[in-house]
There are 2 protein chains.
Amino acid sequence: MPFTAYDSETCSIARTLALVGDRWSLLVLRDLANGVRRFDELAGHLGVARTVLSQRLARLVDAGLVERVAYRDNGARERHEYRLLGPGRELAGILLAFLAWGDRHLAGPDGPPAVPRHADCGAPVRLVLTCDDGHELGPRPRLRLEPGPGSRLAATQ
Amino acid sequence: MPFTAYDSETCSIARTLALVGDRWSLLVLRDLANGVRRFDELAGHLGVARTVLSQRLARLVDAGLVERVAYRDNGARERHEYRLLGPGRELAGILLAFLAWGDRHLAGPDGPPAVPRHADCGAPVRLVLTCDDGHELGPRPRLRLEPGPGSRLAATQ
DNA sequence: GCCGCTGAGTATCGAAAGGCAACTCAGCCG
DNA sequence: CGGCTGAGTTGCCTTTCGATACTCAGCGGC
C-alpha cells in the first residue's frame with residue numbers, strides 16, 4: 001500500500017501543523033517558554049502585527065496550550081498575561097528540533113545564536129533519536145511512516 | 001539580560017521557520033521522505049494548490065534540501081522527480097517531534113494514525129531529550145534558551 | 001474631577017499570499 | 001496528425017497579513 005493511499009490530513013504531523021504551523025505561533029511559544037508573557041512585549045520582540053498576535057494567542061488559549069492569567073503590577077490596574085500550560089510546554093521538542101536543524105544548516109560562522117540548557121542543572125540539552133531495538137539513529141535517519149491504529153484511507157484516488 | 005534583548009530573527013528556530021515554517025513545506029518533506037516523489041502525486045495527496053507546490057519545491061531545491069532529478073518511465077519522455085538530499089533528511093527530527101506531539105494531543109480514540117519505524121530494523125522510533133549531565137528530560141522539560149556565540153542584540157529597544 | 005498615560009487590545013484598509021480553474025508545452029503513441 | 005499525460009504557468013478571486021489609527025479602562029497627578 002503506497003503512502004499516498006493514506007489520508008494526508010489524518011496524520012499527526014498534519015494535525016499539529018494545522019494548529020501551530022504558521023509563521024508566528026511557534027515563535028510566540030518560544031518566547032512564552034522564555035519568560036516573555038505580555039502582549040506588548042511579544043508584539044515588540046517578534047515584530048508581528050498586533051492583530052495577528054491577538055488571533056494567535058486566542059487560538060493557543062482555545063487549544064489549551066496557553067492560559068490567560070490576571071496580574072497586577074504595583075498599584076496598576078489588573079491586566080492579563082499569557083503562560084504556557086502543560087501541552088504548550090510539551091512543544092519544546094518541536095522547538096528544539098527546529099533549533100538543532102537551524103544550528104547545523106543556517107547558523108553563521110560565529111556559531112549557534114542560542115543554546116538550550118536544562119533549567120535545573122544548566123547543562124546543554126539535545127534531542128536523540130533511538131529505536132526500540134536500542135539503536136541510536138544518527139542525524140540522517142532512514143525511517144518510514146507506517147499506518148497506525150488511527151490511520152484512514154485517503155478519500156479520493 | 002532578558003530574552004527580549006536578543007534579536008528574534010537571528011535565532012535558529014526563526015531561521016528554520018522562515019524556510020519551512022508554512023502550511024505546506026513540512027508536509028511536502030514528509031511525503032518525500034515516504035517515497036512520494038512526483039509533482040502530481042504530491043499535489044493529489046496533499047491537496048495543495050499546484051502553484052503553491054511549485055513554489056515550495058523551488059524553494060526547497062534552492063535551499064539544497066531537495067534535488068530535481070530526471071527520470072524516464074518505460075518509453076515515456078523524460079520527466080523530473082524530487083528527492084530528499086541530506087539536509088532534507090535531517091529534518092526528520094522536526095517531523096518526528098510534530099508527530100509525537102500530535103499523537104499525544106490530537107489523536108482520536110483509535111490511537112496514532114501513523115507510527116514511525118527505523119527502516120533498517122523495523123522497530124518504532126522515538127525522540128529522547130537528554131542533557132549533557134546525563135539527565136533524561138521528560139515530555140515537559142524545563143529549559144531556557146541562552147545566548148550562544150552567534151547571538152545578536154535586538155535592533156530596537 | 002479632569003487629563004493624560006499605559007497596556008491591551010479592535011477597526012480599517014491596502015498589499016501579499018493562497019486557491020481554483022483553465023491554459024500551455026513537450027514528446028510519445030496510435 | 002491529433003490526442004494523451006505529466007508538469008507546470010497564467011489569471012482571477014478570496015483570504016490572510018501588516019501598518020496605522022482608534023478604543024477602552026483605570027490609575028496618578030494636578
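Every chain is numbered from 1 and lettered A, B, ... according to where its sequence line falls, protein lines coming before strand lines. As a basis for the values below, the full set of heavy atoms in this structure was taken, side chains included, without hydrogen atoms, waters or symmetry mates. Keep in mind the model is a prediction, meaning the values are calculated, not measured.
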Polar atom pairs between nucleotides 26-28 of chain D and protein, under 3.5 Å, N or O only, would you list them?
unit_1, atom_1, unit_2, atom_2, d
D/dC27, O3', A/Gly75, O, 3.1

Between D/dG11 (P) and B/Arg50 (CZ): distance, integer Å: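 Those two atoms, CZ and P, are 17 Å apart.
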Atom-to-atom span, NE2 of A/His80 to C1' of D/dA25 - whole angstrom: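 Result: 11 Å.
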Among side-chain atoms of [X] and [Y], is any donor-acceptor pair under 3.5 angstrom?
| X | Y | result |
| --- | --- | --- |
| A/His118 | B/Asp133 | no |
| B/Thr10 | B/Arg15 | no |
| A/Ser8 | B/Arg30 | yes |
| B/Arg68 | B/Tyr82 | yes |

Joint cluster assignment, A/Val115 & A/Phe98, ILVMFWY side-chain distance < 4.5 Å: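 No; A/Phe98 is not reachable from A/Val115 via cluster members.
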Cluster check A/Leu106, B/Ile94: I/L/V/M/F/W/Y, side chain < 4.5 angstrom: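 Both belong to a single hydrophobic cluster.
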Counting distance only, does the side-chain N/O of [X] pair as donor-acceptor with the main-chain N or O of [Y] below 3.5 Å?
| X | Y | answer |
| --- | --- | --- |
| A/Asp22 | A/Trp24 | yes |
| A/Trp101 | B/Pro87 | yes |
| B/Ser54 | B/Arg50 | no |

From B/Arg140 atom CZ to A/Leu84 atom CG, the distance as rounded to the nearest 0.5 Å: 11.0 Å
First of A/Ala49 and B/Thr51 reached from the 5' end of DNA chain D, by closest nucleotide: B/Thr51
Side-chain heavy-atom pair B/Thr4, A/Leu42 within 4.5 angstrom cut-off: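 Not in contact.
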Salt bridge (Lys or Arg N to Asp or Glu O under 4.0 Å) between B/Asp62 and B/Arg56, intermediate numbers included: CA-CA 10 Å; B/Asp62 235 58; B/Arg56 292 300 172 272; over 6 Å; no
Residues in contact with DNA chain D, drawn from residues 52-71 of chain B - heavy-atom cutoff 4.0 Å: B/Ser54, B/Arg68, B/Tyr71
Selection: residues 12-22 of chain B, any non-hydrogen atom under 4.0 Å of DNA chain D: none
Residue-level proximity of residues 26-40 of chain A to DNA chain C when a heavy atom falls under 4.0 Å: A/Arg38, A/Phe39, A/Asp40
Under-4.0 Å side-chain N/O to phosphate OP1/OP2 contact, A/Trp24 with D/dT16: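 For A/Trp24, the contact criterion (side-chain N or O under 4.0 Å from OP1 or OP2 of D/dT16) is not met.
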Contact boundaries on DNA chain C for chain B, cut-off under 4.0 Å to non-hydrogen atoms: C/dG18 to C/dC29
Centroid-centroid under 6.0 Å between A/His45 and B/Phe3 rings: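 Judged by ring-centre distance (under 6.0 Å), A/His45 and B/Phe3 do meet the cut-off.
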CA sep, side-chain torsions, deciding dist, call: A/Leu29, A/Leu26, side chain to side chain contact (heavy atoms under 4.5 Å, CB included): CA-CA 5 Å; A/Leu29 291 158; A/Leu26 286 173; 4.2 Å; yes
Partners meeting side-chain hydrogen bond (donor to acceptor under 3.5 Å, both in side chains) with A/Asn34 (sequence neighbours left out):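 Partners of A/Asn34 by the side-chain hydrogen bond (donor to acceptor under 3.5 Å, both in side chains) criterion come out as none, since no residue qualifies.
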